[in-house]
Structures are given as structure tokens and as C-alpha cells.
Amino acid sequence: MIELSAKFLKIFGSAKSVAVLTGAGLSAESGVPTFRGTEGLWSKFRAEELATVEAFLNNPKLVWEWYLHRRELMNQVTPNAGHYALAEMEKYFEDFTLITQNVDGLHRAAGSQHLLELHGNISRNKCLECGKPFRGEINLESGKPPQCECGGRIRPDVVWFGELLPEKVVREAFEAASRANLFFSVGTSSLVYPAAAMPLTANRKGAYLVEINLEPTPLTEFADYSLLGKSGEILPEIIKRLPK
Ligand code: BJW
Ligand code: ZN
């Protein structure tokens, strides 16, 4: 049983508007590797080598191999107790927004409805030039990824460094952060913007800010309440304390 502060429980029990931002740490207990850290995806490859348009243009085959490898992995994993707890939390509040940086689709699989995917979704493909969705097979045997009818190269529908996030999604996320009474930041290193600005916006507009992470992050000093530990253990404990 995890000790939870009385102040937090009071706010949790009376909040009308709740927003949650999640990162790779939430899916770690499902077996999806995080990005940073010694076990992270980028301990072998540097981000700039793979998660930019330049990297894709320089070596589309390498970038596609990395994404197909991760897609394969993500096809085999299932939501964990943290994903299910957030899907459950949604039912208790009049206004609830789940904002995720994750591209793995696990929140949807767990049943979350009001979900904003900031960095896209790894299961989709689109054209690099015209943005049109592509539903065909990705076959790398020829050494060249498929092309769109416009001649553009097909790429994963995720957001790389230096690219703009989907406009409507970001706008709705900042709106949800601005009106929240309570904001949770869960399993994210709080290093990547604009996502990292969302908890700060919420806090500046008056939300009580809770951080759940294995370790302190640059956000921790701004949090009203920091819970150190696994999100798959802490979130279910929090849900148990909701008034019936
Ligand atoms: C657990 C746990 C458990 C583990 N329980 N916890 C200088 C200053 C400010 C900004 C910039 C700057 N220079 C450039 C920028 C902008 C840039 C940026 O933020 N860079 C920073 C790194 C400095 N941002 C962008 O480029 C964004 N676009 C943009 O800003 O457009 C405007 C613009 C245009 C042109 C120029 C400049 C600006 C786009 C960002 C796109 C991010 N894309 C990625 C890849 C997605 C595709 C893919 O999956 O391959 O998104 S990067 C990667 O990082 C991925 C993630 O969503 C994102 C965040 O990572 P996350 O989720 O926080 O994971 P980790 O691994 O970092 O952390 C995991 C955490 O979990 C850790 O803290 C663990 O402790 C914890 N944990 N197990 C609880 N069980
Ligand atoms: Zn196209």
C-alpha cells in the first residue's frame, strides 16, 4: 500500500477537470523500451541519427529497419496496470484529457477514449511530401521504401525532431492543460518540447501538479507532489482511493 498525501487525495476527490501527460516510462512495464537511460532505445543509436527528416533522407533503409523492428515489438505487447488505471480514471471526471507522447497505441488498447497523441502513431504510415496516409506493405527488400503516388517517400506517421506536432492535437492539449485543476505527468523525462511545457502551463494556470516517475526529472522542482516509483504500481493505488 502506497502512502498518499491527504492534500492530494482531497484535490483528487473534488477536481472537475483533470489532464494527464504520459511518456515512454508508462509503457516500460509492458516491455516497450524507453528512449533515454542506459536501457533506452537510444543507448545504441543517437536520436539525431534516426528521429529526424535528415536521417530519413540520408538513410531511409536504416530508419525504416528501426521502425519495423519497433513496430514488431509493439505488436506483441499489451497494456499494463498503469494504462488500465488511466482508462478507469477517465470515467470519474466530467472533463478528462489524456495526452500522450507515446506512439505505441497502448492507451487506446486499454480503453482510453479522450486521447491526444502528440507524436503520432507507429502503426500508421504517410507520405513525406504530401502527408497522405499509406496503407500498403513496407517491403525493404529492394533497398528502397515505397513511394506515394505523388512520388514522395513513405515514412512512419510519427513526429521527428524539428517537425511540428499535429496542430489541432497540440492546441487541444494546451487547452486541457490550461483548464485542469489537477495535472499528472507520468513516466516522461520532461526533456522534449512542446510536451514538456504542458505540465508547466497547467501549474501556472493553477493546477495541482503531480509527477510520477522512477527518478527526479527537470519537472520535479515545479511539481506540487512527486511520487517516485513505477507508474504501473502507483496509478492503480491512486484509483483505489477515488470516492465510490
Ligand atoms: C518510469 C518507468 C516506470 C521508466 N514508471 N516512470 C532547445 C530548447 C528547447 C526545445 C528545443 C531545443 N532544440 C530543439 C528543440 C525542440 C525539440 C526538443 O524538445 N528538443 C529537446 C530534446 C531539447 N522538439 C522538437 O523538435 C519537437 N518539435 C518542435 O518543437 O517543433 C517546433 C520546432 C521546429 C523546428 C525547430 C525547433 C522547434 C518535436 C519533438 C518530437 C519528439 N519525437 C520523439 C520520437 C517519436 C517517434 C518515435 O517514437 O520514434 O518522441 S523523440 C522521443 O522523446 C519520443 C518521445 O515521445 C519523446 C519523449 O520521451 P519520453 O516519453 O519522455 O521518454 P524518455 O525515455 O525520455 O523518459 C522515460 C521516463 O520514464 C524516464 O524519466 C524514466 O525515469 C521514466 N520511467 N520506467 C515510471 N515503470
Ligand atoms: Zn504523397
Report yes if some heavy atom in the side chain of V103 is under 4.5 Å from a heavy atom in the side chain of E117; otherwise report no. no
Pairwise side-chain contact, V159 with L118, heavy-atom cut-off 4.5 Å (strictly under): no
Would you say the ring centers of Y225 and F184 fall short of 6.0 Å from each other? no
Heavy-atom donor-acceptor pair, W66 side chain to A51 backbone, under 3.5 Å: no
For the atom pair SG (C150) and CG (L128), what is the distance rounded to the nearest 0.5 Å? 9.0 Å
Taking salt bridge (charged side-chain N to carboxylate O under 4.0 Å, His left out) as the cut-off, I'd like each qualifying pair that reaches into residues 73-95, sequence neighbours left out, listed once. E88-K91, D95-R179
With sequence neighbours left out, write down each residue that passes side-chain contact (heavy atoms from CB on, under 4.5 Å) with N59, or none if nothing qualifies. K61, L62
I'd like to know if the side chain of S27 pairs up with that of H83 as donor and acceptor (distance under 3.5 Å, no hydrogens or angles considered). yes
With salt bridge (charged side-chain N to carboxylate O under 4.0 Å, His left out) as the rule and sequence neighbours excluded, what pairs involving residues 1-10 come up? none
Look at the side chain of E29 and the backbone N and O of G232, then say whether any donor-acceptor pair between them is shorter than 3.5 Å. yes
Distance col, row L182:CG vs F8:CZ, nearest 0.5 angstrom, shows 6.0 Å
Determine whether a donor-acceptor pair (N or O, by modelled atom type, separation under 3.5 Å) exists between the side chain of N181 and the backbone of A207. no
Treating D157 as the side-chain partner and N121 as the backbone partner, does any N or O pair qualify as donor plus acceptor under 3.5 Å? no
Is the backbone of G82 close enough, under 3.5 Å, to the side chain of N80 for a donor and an acceptor to pair up by distance? yes
Quick check: do N213 and T220 have side-chain heavy atoms less than 4.5 Å from each other? no
Got a donor-acceptor contact below 3.5 angstrom from the S30 side chain to the T78 backbone? yes
Does the side chain of P216 come within less than 4.5 Å of L228's, by heavy atoms? yes
A side-chain contact here means heavy atoms from C-beta on lying under 4.5 Å apart; do W64 and K144 qualify? no
Mark yes when over 12 heavy atoms from residues, nucleotides or ligands other than E149 sit less than 6.0 Å from its CD; otherwise mark no. no
Using 30° and 60° as the class limits, which term best fits the ring planes of F96 and F93: parallel, tilted or perpendicular? parallel
Under a single-linkage definition using a 4.5 Å side-chain heavy-atom cutoff for Ile, Leu, Val, Met, Phe, Trp and Tyr, are L242 and L98 assigned to the same hydrophobic cluster? yes
Face-on cation placement of R155 at W160 ring, 6.0 Å and 45° thresholds: yes
Could you check L26 against L86 for side chain to side chain contact (heavy atoms under 4.5 Å, CB included), going step by step and ending with a plain yes or no? CA-CA 10 Å; L26 189 85; L86 290 174; 4.1 Å; yes
Indicate yes or no: does E172 engage K168 in a salt bridge with an N to O separation below 4.0 Å. yes
